[in-house]
Amino acid sequence: MMHHEDILGCVVTPNEATLVSLLSCCANLEGGGALIQGKQIHCYIIRNDVEVTVFLGTALISMYGRTGCLRNAVEVFDRMIAKEVCTWNAIICSLVSNGREKQALDMFQNMKREMMKPNEVTFVVLLTACARGKFVELGLRLFKSMSSEFAIVPKTEHYGCVVDLLGKAGLLEEASRFVDRMPFEPDASVLGALLGACKVHGDVELADNVGKKLLELQPQHCGRYIVLSNIYAEAGNWGSAAELRKVMLENGIDKIPAYSCIGSM
DNA sequence: CTGAACATCT
């Protein structure tokens, strides 16, 4: 399957980089990934006795995690002798994206026990786990521990995660105050999370405020208009919806596309 | 060479 002959009849054997790239493609393919193809690559690895290196193992975990095959992801992880921070991040992420927030957080304990130092990606994943599991206290503690315990300076992604954590738990007031107290200007991703929190809570007034700032930052981002307009609509605030429509036209966005802006790019 | 990453919209 994997051996290809070129025009001159040469046979090319895939090396580690080839297999890792292919697995990454399977994991990131839109529409839930390509599990069948990923499994075929795993089969190839087994049949040809290809050594499962740290890179290859991590790519396998990620592929299985993202295609919903958590069992296989865990199996690959358990068999790996050498693990790096990416390997741990991949398994924690697999657990989170398959609804096992608690287990993901337990895995972080194992990681620390094995003296593996987490990095900024680890915390994005952990904070996401807390947001989904509604573990507000723990999430805030983890966020604080980044700088105090692990010497990692939280970046805008982490602030966005905390806003999402508070927002999902219905703590809109806290989310808003958290943004106000950020050490740098909140960027679009943070304001986007706050706007999402407004939607959950149905707070039109704050949404109005945040939405205006957000549209100043991203006047061409049609998704932002959609969220804001939905918040207005849910509240029956047709006046604001009409006004928003005018702003859209002014910014040259004349129509909400049938499909996602991101999906069509 | 090659691996890990939140959330929101139709």
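Small disclaimer: the values here were computed from a predicted structure and weren't measured. First the proteins, then the strands, lettered A, B, ... as listed; each starts at 1.
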Expressed as a whole number of angstroms, how long is the span from [X]:[atom1] to [N]:[atom2]?
{"X": "A:Phe55", "N": "B:dC1", "atom1": "CZ", "atom2": "C1'", "result": "9 Å"}
{"X": "A:His201", "N": "B:dT8", "atom1": "NE2", "atom2": "P", "result": "17 Å"}
{"X": "A:Ile45", "N": "B:dG3", "atom1": "CD1", "atom2": "P", "result": "14 Å"}
{"X": "A:Asn28", "N": "B:dA4", "atom1": "CG", "atom2": "C1'", "result": "10 Å"}
{"X": "A:Leu166", "N": "B:dT8", "atom1": "CG", "atom2": "P", "result": "16 Å"}
{"X": "A:Asn119", "N": "B:dC6", "atom1": "CG", "atom2": "P", "result": "14 Å"}
{"X": "A:Leu23", "N": "B:dG3", "atom1": "CG", "atom2": "P", "result": "10 Å"}
{"X": "A:Met146", "N": "B:dC6", "atom1": "CE", "atom2": "C1'", "result": "12 Å"}

Heavy atoms under 4.0 Å, any strand shown: does [X] hit a base, just sugar-phosphate, or nothing?
{"X": "A:Thr53", "answer": "nothing"}
{"X": "A:Asn230", "answer": "sugar-phosphate"}
{"X": "A:Glu84", "answer": "base"}
{"X": "A:Val54", "answer": "base"}
{"X": "A:Val227", "answer": "sugar-phosphate"}
{"X": "A:Cys93", "answer": "sugar-phosphate"}
{"X": "A:Thr58", "answer": "base"}

A:Phe178 ring center near A:Phe143 ring center (under 6.0 Å): yes
Row check, A:Phe77 ring normal vs A:Lys83 NZ/CZ: under 6.0 Å, within 45°: yes
Given [options], which nucleotide is nearest the side-chain atoms of [X]?
{"X": "A:Ser24", "options": "B:dA4, B:dC6, B:dC9", "result": "B:dA4"}
{"X": "A:Ser62", "options": "B:dT2, B:dA4, B:dC9", "result": "B:dA4"}
{"X": "A:Asn89", "options": "B:dA4, B:dC1, B:dC6", "result": "B:dA4"}
{"X": "A:Ala59", "options": "B:dC1, B:dA4, B:dG3", "result": "B:dG3"}

A:Glu149/A:Lys144 salt bridge by N-O under 4.0 Å criterion: no
Salt-bridge present (A:Arg177, A:Glu173; N to O < 4.0 Å): no
A:Arg66 side chain near B:dA4 phosphate (N/O to OP1/OP2, under 4.0 Å): no
A:Ser62 side chain reached by A:Leu23 side chain, heavy atoms, under 4.5 Å: no
